Structures are given as C-alpha cells and as structure tokens.
Engineer: 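Quick one: this structure, given as structure tokens, is what I'll be asking you about.
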Amino acid sequence: MNRLMLATGPTLEEHVKPYGPLPPTDGRAKDQPGRLIDEIEKSGLRGRGGGWFPTHVKFRAVVDSSAGRSRISRTRRPVLIANGMEGEPASSKDAVLLAASPHLILDGMEAAATTIGATEAFLAIHRGSPVIEGVQRALAERPSGPVAITLVTPPARYVASEESALSNWVGEGRALPVHPDRPFQRGAAGRPTLVQNVETLAHLALIARHGGEWFASVGDPAAPGTTLVSVGGAVATPGVIEVPTGTPVRELLERAGGATAPVLGVLTGGYGGSWMSADAALAANWDPSSLQAGGGTIGASILWAVGGDVCPLQEMDAVVEWMAGESAGQCGPCMFGLPSLSDDLHAVAVAPADDLALKRLDTRLGLVAGRGGCKHPDGVARFVATGLETFSEETALHAEGSCSSASTTPLLLPVPSARDHFADPDGRDFR
Ligand SMILES: Cc1cc2nc3c(=O)[nH]c(=O)nc-3n(C[C@H](O)[C@H](O)[C@H](O)COP(=O)(O)O)c2cc1C
Ligand code: SF4
C-alpha cells in the first residue's frame, strides 16, 4: 500500500499532482497548539524514528514548555528539527523518502512548525548524503511561507542523530547528546525543540490533508497507518517497502523476493534492535507489540535476514566493534564498557571461543545497559544479548572449537568503513 511515495518525481509539480496543495494550518493560539493537534491525536500517529512515541504527546509537551508550563522552560519560541540523519547503517527508508518525496516531508515540517508556533525549522541530513542536492532543489522551488526551513548537515556519526545531540548541533555546533534536559524542555540554543523523524512528518502532511480518521483506517489499531520498512540481507530484492503496520513478517520477506538461503535469524529494528529466531519472526506481524511479543523490536523499521554460509557471531562481532567506536566518549559505561563488550564478543566469535569471555559478556551486558547518558549502550547490549540467545547453537559450536561457516563469506550486515565516516576530519569530534 503506497501512501508516501505516490509522486512520480521529486519536483513540486509532480508532488502536487497526486497530493494536492497543503491546506492552510491554524497556528498556535493562546498557548495551545493549532487545531491540527486534534487530528494528530485522532490519527494515533507514532514516531517512525525508532521509539514509536505518540506524536501528539510530543507536540503538546513542546507547546507547554514554550508557554512556560514546564519546570525549566525559558518561555522562548519553539523550534522544529526534522531528523533525516538515518544513522542506522542498515536503514535506507529515510534517504529513499527524501529522494522520492521531499515536498511531502517539507509540507509536514511546515504543518508541524505552524501547529507548535515555530517560525524556524531545520531539516537535518548527514554530511555527505547523496540526497542533499535533491533536497536543496526542492527547497529552492517552494514559495516562501510562514516557516523558514533551513537544511543542516551534521556529521555522519551514529549518535549525532540522537535527538539531544541533534538539538545541540543546531544550537551549539556539537552533535553530542547533552543532559539532563530533554529537547522539548531545553533543546537547540535552550529553546523548546520538537524533533521528529522525516517519515513521521511525511505522514503528518497527509493527516493535514485527509484527517486523523483516514490515517488510522489502515494498520494495527495500536500503532496505525502505513510504515516504510528497510528489508535487507539474505533476500532476493532488498529495498524499502511501504506496508500497513501489522503486515505479517512472512509477507514482507516475500515482497522482498523471498529468502535466498535458509534463514538463521533476523535482525529487527537495526543495530540498536533485537535478533529473533526465524520461527519467531515468521509468526510475527510488523507492528511494535507483535514484534515485542516475539522477542523483537520494530525500532527504525529494519528487517534484516541472516542466512546462508555466514557465521552470525562474526556478523555481530563486526557490528559491535563499529558501534563501540561510535560512542561519543562522554559516559564511562559507554566509553569503556562498549569496547570491552566488543573484545569479549570477538573472543567468542572466533572459534575456539574463549569460555571466560562468554561468562564476562553476561556480566558486562548488565553493566552497560541503562547506564549511559543516552540509549546508545542499551541498544548495543540488546543487540548482543538477543543475538547470543538467537544463535545459542552457534555459540555452543564455537565453544567446542568449530564454526558452521567457512568464514571467508563477505559480511552480510553493512558496516560503514572508517574511511567513509572520517572522510571529513571535522566529523571526528562531532562538529
Ligand atoms: C543512538 C541513537 C541514534 C538515533 N538515530 C536516529 C536517526 O538516525 N533518525 C531518527 O529519526 N531518529 C533517531 N534516533 C531517535 C531520535 O533520538 C528521536 O527519538 C527521533 O528522531 C524522534 O522522532 P520520532 O518521534 O518522529 O520518531 C536515535 C536515537 C538514538 C538513541
Ligand atoms: S551513552 Fe555513549 S553515546 Fe550516549 S551520551 Fe554517553 S558517551 Fe555519548
């Protein structure tokens, strides 16, 4: 089902043809959000950036904060940041949407900003992204309106796309997660800041046109609408698929051309997500509660099948080594805990496995989760814990000194090379 990618091309004309113009949106009045908030609430829209948090709650929190109703608000004008950073290497949905339907996202930004009373909005896309030029063209095409939209390009680091890091980058030029305040309280330059994923904003542009009931008419009632899914790994035609939430995982894999090898397990949600056994995944639907019940997580809507002649522990090892290197180095459990976790996982991934390392992993997982300033260490711990459980047979094989793979197979999970990441030396220190 296609709602987000109906346009035949990225120009304004090609966008307006299927969607029509964005209807005028009421602005915020008497320190209450504009009337679109009722439709957003009715729609049940939940954020597509990974957390699936109810969107209307965030809108109200920002307005409350800027109206002085929050504990630490400075009663300053709020600001909107559209998160198009797509920090997850296994995700491509946001780049596909930005390339195919930039005006839908820009419409969503305009509607969202007006509703919270913001006149300034920033669209964040990671530095070096191939979609930047197309977005610049789309911005140049739009008539000026009540909201000034600026394209910003923070460094391509995993944690730079976390919402407080992004707010900090827009305000101070350093993409580090900052604490203890949340962006809705004190974000970019101390202002109440609404951070929404670009796909969330594209859905919002459709809610502004068709209303909340229309939006909720498809999908799982607890998290309605359609969602983009990045499907990859051992499937015949990897890519981005739009489906109503609640679509069976089996159907998603079929739409990606089917598995190219017996599936050993699937990664759900991305590198901060959870592994599931093939059986559990095939019994689940693509919505937050069904995936959670089966031990997975929808997260950034990534479904990655691992199968064929690969060792899943070696796949995990490469990802965790990369994730450990993405720490912003501000919190001990993240800065020291993740490299230790990575070393121990490496000792298990290379047969014969180090028995003590396996025991240490167990302890370390409990020491990093929940201890960082942001959720980065939690994501890594979840990735490792669920992987060891899903691939327990492989772990046992390694303990006995063998491995089910010939180990010369190329990596199935994409891990950006250090060269890609540090091509711009300024990105190294999150500036
Ligand atoms: C380490 C880390 C990386 C993240 N990367 C992204 C990202 O690339 N894109 C994104 O939209 N959200 C990302 N998030 C989630 C954002 O912090 C934020 O919750 C989201 O942009 C809010 O938008 P939503 O409510 O529309 O989902 C990340 C979170 C963490 C902890
Ligand atoms: S947990 Fe890691 S990434 Fe998050 S703020 Fe602390 S050091 Fe930075």
Side-chain angles (χ1 to χ4, degrees), residues 40 45-59 61-62 80-95 97-98 105 108-109 112 122-126 129 154-170 174-180 182-184 187 193-204 223 225 227-228 230 269-273 288 297-302 323-339 341 367-383 429-430:
I40 302 173
L45 176 64
R46 290 166 63 174
R48 302 304 201 243
W52 289 72
F53 192 78
T55 304
H56 71 97
V57 176
K58 281 172 69 167
F59 272 58
V62 169
L80 169 75
I81 301 177
N83 193 344
M85 294 283 285
E86 197 153 50
E88 278 279 350
S91 177
S92 40
K93 71 174 184 82
D94 292 338
L97 186 62
L98 279 158
I105 294 166
M109 289 181 70
F122 298 87
L123 171 53
I125 302 178
H126 76 249
S129 163
R157 301 294 307 264
Y158 186 79
V159 297
S161 45
E162 190 271 343
E163 60 182 7
S164 62
L166 213 46
S167 304
N168 198 24
W169 196 86
V170 167
R174 267 167 80 79
L176 291 169
V178 280
H179 301 282
R182 300 311 304 158
F184 77 86
T193 303
L194 177 66
V195 182
Q196 298 285 175
N197 172 258
V198 286
E199 183 193 338
T200 313
L201 291 162
H203 287 299
L204 196 100
T227 187
L228 298 175
S230 308
Y271 292 1
T297 178
I298 194 164
S301 202
I302 290 157
M323 289 284 267
E326 287 300 298
S327 165
Q330 300 184 115
C331 318
C334 183
M335 189 159 77
F336 305 114
L338 296 189
L341 201 71
L367 292 176
V368 297
R371 304 265 176 106
C374 78
K375 298 247 163 61
H376 178 51
D378 303 39
V380 181
R382 188 165 44 232
F383 179 93
D429 63 359
F430 298 88

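The residues of the chain are indexed from 1 along the displayed sequence. Whatever order the structure lists ligands and atoms in, that order sets their numbers, starting from 1. Note that the coordinates shown come from a computational prediction; the quantities given were computed from them, not determined experimentally.
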Engineer: Which protein non-hydrogen atom lies closest to atom 17 (O) of ligand 1, naming both residue and atom, and how far is it?
Structural biologist: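 Going by distance alone, atom 17 (O) of ligand 1 is nearest to E163 N, 2.9 Å.
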
Engineer: Below 4.0 angstrom, N of the basic side chain to O of the carboxylate: do E86 and K93 qualify?
Structural biologist: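 K93 and E86: not salt-bridged.
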
Engineer: List every atom of ligand 2 that sits less than 4.0 Å from any heavy atom of G373, numbering the atoms from 1 in the order shown and giving each element.
Structural biologist: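 Near G373, meaning under 4.0 Å from one of its heavy atoms, ligand 2 has 1 (S), 6 (Fe).
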
Engineer: Just jot down the ligand 2 atoms closer than 4.0 angstrom to any heavy atom of S327, in number order.
Structural biologist: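 Taking each heavy atom of S327 in turn, ligand 2 has 2 (Fe), 7 (S) under 4.0 Å.
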
Engineer: With respect to K375, determine whether any N or O atom, backbone or side chain, lies less than 3.5 Å from an N or O atom of ligand 1.
Structural biologist: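 By distance alone, the answer is no.
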
Engineer: Measuring from the heavy atoms of K58, does anything fall under 4.0 Å of ligand 1?
Structural biologist: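 Distance cut 4.0 Å: K58 passes for ligand 1.
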
Engineer: Is the contact between Y158 and ligand 1 made by the side chain, the backbone, both, or neither, using heavy atoms and a 4.0 Å cut-off?
Structural biologist: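 Within the 4.0 Å criterion, Y158 contacts ligand 1 through backbone and side-chain atoms alike.
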
Engineer: Which atoms of ligand 2 are found less than 4.0 Å from any heavy atom of Q330?
Structural biologist: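 Close to Q330: 5 (S), 7 (S), 8 (Fe).
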
Engineer: Atom 2 (Fe) of ligand 2 and C374: any N/O/S contact shorter than 2.8 Å?
Structural biologist: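 No - counting backbone and side chain alike, C374 has no N, O or S atom under 2.8 Å.
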
Engineer: Short list, please: which atoms of ligand 2 are under 4.0 Å from a heavy atom of G372?
Structural biologist: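 Atoms satisfying the 4.0 Å criterion: 1 (S).
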
Engineer: With atom 11 (O) of ligand 1 as the reference point, say which of D94, N197, V159, T55 has the nearest heavy atom.
Structural biologist: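 Closest candidate by heavy-atom distance is N197.
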
Engineer: Please round to the nearest 0.5 Å and tell me the distance separating atom CD1 of I40 and atom NE2 of H203.
Structural biologist: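 If we round to the nearest 0.5 Å, I40:CD1 and H203:NE2 are 13.0 Å apart.
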
Engineer: What protein heavy atom is closest to atom 26 (O) of ligand 1, reported as residue, atom name and distance in Å?
Structural biologist: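 Sorting protein heavy atoms by distance from atom 26 (O) of ligand 1 puts T200 OG1, 2.7 Å first.
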
Engineer: Kindly say whether P183 contributes a backbone atom to a donor-acceptor pair with the side chain of E163 at under 3.5 angstrom?
Structural biologist: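 Not confirmed, E163 side chain does not pair with P183 backbone.
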
Engineer: By number and element, which atoms of ligand 2 are closer than 4.0 Å to a non-hydrogen atom of V159?
Structural biologist: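 Per the distance check, 3 (S).
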
Engineer: If you take the nearest heavy atom of each of N83, D378, L166, V57, which one is closest to atom 12 (N) of ligand 1?
Structural biologist: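 It is N83 whose heavy atom sits nearest to atom 12 (N) of ligand 1.
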
Engineer: Checking the N or O distance criterion of under 3.5 Å, is ligand 1 in contact with G49?
Structural biologist: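 Yes.
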
Engineer: Any idea which atoms of ligand 2 are less than 4.0 Å away from a heavy-atom of P177?
Structural biologist: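 Reading through ligand 2 atom by atom, the close ones are 5 (S).
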
Engineer: If you take the nearest heavy atom of each of G47, S161, A328, C374, which one is closest to atom 6 (C) of ligand 1?
Structural biologist: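 Of the listed residues, S161 has the closest heavy atom.
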
Engineer: Below a 4.0 angstrom heavy-atom separation, can you tell me which part of E162, side chain or backbone, both or neither, approaches ligand 1?
Structural biologist: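 It is both parts that get close, each with some atom under 4.0 Å.
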
Engineer: Would E199 and R46 pass as an ion pair if we require N to O under 4.0 Å?
Structural biologist: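 Looking at R46 together with E199, the answer is no, because their closest N to O distance does not fall below 4.0 Å.
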
Engineer: In ligand 2, which numbered atoms sit nearer than 4.0 Å to a non-hydrogen atom of C334?
Structural biologist: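 Listed by number with element, the hits are 1 (S), 2 (Fe), 3 (S), 7 (S).
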
Engineer: Quick check: does G87 get an N/O under 3.5 Å from an N/O on ligand 1?
Structural biologist: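 Yes.
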
Engineer: With heavy atoms only and a cut-off of under 4.0 Å, state how P377 meets ligand 2: side chain, backbone, both or neither.
Structural biologist: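 Only the side chain of P377 comes within reach of ligand 2.
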
